[in-house]
Amino acid sequence: GGLLHSTDGKTWNPASPDVSFSRGDGSLATLPQPTGPMLFMVRDGSVLRSTDAGRTWAAAAGAGNLALNGFVQAIAADPDRNTVYAATDRGLFFTNALGTQWIQLPFHGGAAAIGVQGDQLAVVDSDGRFFLSRSGGATWQN
C-alpha cells in the first residue's frame with residue numbers, strides 16, 4: 001500500500017500517491033512543529049521527511065560526517081525533546097536537527113527496533129536481544 005491520511009478516522013485517502021512501501025518499510029515518527037507536524041518515514045532503508053502532512057517527501061539523512069549511516073530498520077520520535085532516533089544495521093543514531101545532522105550513540109551492533117520516552121531508550125538488536133538505556137543512550141543494560 002502506502003501512507004493514508006484521515007481527518008475523521010472513518011474515511012482514508014492516500015496522503016501521497018507517489019509513496020509506496022515494500023516489505024520492511026513503513027516505520028513512521030512525527031514531531032510537532034509550529035507550522036504543523038513533521039513526519040519521518042523509513043523507506044528502502046533510508047529516512048524521508050515530510051513537512052506537508054505526507055504529501056511530499058525528501059531525504060533526511062544528513063551529509064558528510066553528520067550523515068546517517070547504515071540501513072535504517074526503524075525510527076522513533078521524542079516530541080518533548082524534538083529528537084528522532086534511527087535504528088540501523090550499524091547502530092543507533094539521533095537527530096535534534098530535524099534530520100539534517102545525525103549523531104551516533106554508543107550502542108554496539110545493529111539495531112532493529114527502538115522506542116523512546118525521555119531519557120529511556122529501548123532497543124532490540126539484530127539478534128533479537130533487548131537493551132535499555134536510562135541515560136539517553138549514553139549507557140546500556142540488557
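Note that the CD atom of Gln120 and the OG atom of Ser135 stand 10.5 Å from one another [nearest 0.5 Å]. For the atom pair CG (Leu98) and OG1 (Thr83), the distance works out to 9.5 Å, reported to the nearest 0.5 Å. With rounding to the nearest 0.5 Å, the separation of CD1 in Ile103 from CG in Leu92 is 12.0 Å. In this structure, the separation between CG on Leu39 and CG on Leu31 is 9.0 Å, given to the nearest 0.5 Å. Taking CZ of Arg129 as the start and CZ of Phe131 as the end, the distance is 4.5 Å to the nearest 0.5 Å.
Residues Pro37 and Pro32 form no side-chain contact, since every pair of their non-hydrogen atoms from C-beta on lies 4.5 Å or further apart. Side-chain contact between Leu48 and Val42 is absent, with no heavy-atom pair separated by less than 4.5 Å.
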Run the side chain to side chain contact (heavy atoms under 4.5 Å, CB included) check on Leu68 and Val47 step by step: do they pass?
CA-CA 9 Å; Leu68 182 56; Val47 175; 3.6 Å; yes

Evaluate Val84 against Arg49 for side chain to side chain contact (heavy atoms under 4.5 Å, CB included), listing each step before the verdict.
CA-CA 11 Å; Val84 176; Arg49 174 183 60 225; over 6 Å; no

What's the verdict on side chain to side chain contact (heavy atoms under 4.5 Å, CB included) for Val72 and Arg43, showing C-alpha distance, side-chain angles and the deciding distance?
CA-CA 8 Å; Val72 181; Arg43 184 167 179 236; over 6 Å; no

Using the rule given for side chain to side chain contact (heavy atoms under 4.5 Å, CB included), can you reason through Asp119 versus Arg134, listing the C-alpha separation, both sets of side-chain angles and the distance that settles it, and then say yes or no?
CA-CA 5 Å; Asp119 279 339; Arg134 289 188 165 93; 5.8 Å; no

Could you go through the side-chain hydrogen bond (donor to acceptor under 3.5 Å, both in side chains) check for Gln117 and Asp80 one step at a time?
CA-CA 9 Å; Gln117 183 175 2; Asp80 293 334; over 6 Å; no

Please walk me through it: do Asp44 and Ser46 pass side-chain hydrogen bond (donor to acceptor under 3.5 Å, both in side chains)?
CA-CA 6 Å; Asp44 297 328; Ser46 297; over 6 Å; no

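For Ala74 against Ser27, the heavy-atom pair with the smallest separation is CA-OG, 3.6 Å. Closest of all the heavy-atom pairs between Gly99 and Thr95 is N-OG1, 3.1 Å. Listed here is the closest heavy atom pair of Gly91 and Ala111: O-CB, 4.0 Å. Shown here for Arg55 and Ser50, the closest heavy-atom pair between the two residues is N-OG, 3.9 Å. The minimum heavy-atom distance linking Gln104 with Arg90 is given by the pair NE2-O, 2.9 Å. The two residues Ala29 and Ala76 come nearest to each other via the heavy atoms CB-C, 4.0 Å.
With Ile114 as the fixed residue, the side chain to side chain contact (heavy atoms under 4.5 Å, CB included) test singles out one of Ile75, Val123, Val124, Thr88: Val123. Just one residue in the list Trp102, Phe94, Phe93 forms a side chain to side chain contact (heavy atoms under 4.5 Å, CB included) with Tyr85, and that residue is Phe94.
For the pair Trp140 (side chain) and Pro106 (backbone), a donor-acceptor distance under 3.5 Å is present.
With a 6.0 Å radius and a threshold of 12 heavy atoms from other residues, nucleotides or ligands, Asn65 has its CG atom at or below the threshold.
Using a 4.0 Å cut-off between a side-chain N of Lys or Arg and a carboxylate O of Asp or Glu, Lys10 and Asp8 do not qualify as a salt bridge.
Remark: the Gln101 side chain and the Asn96 side chain contain no N/O donor-acceptor pair separated by less than 3.5 Å.
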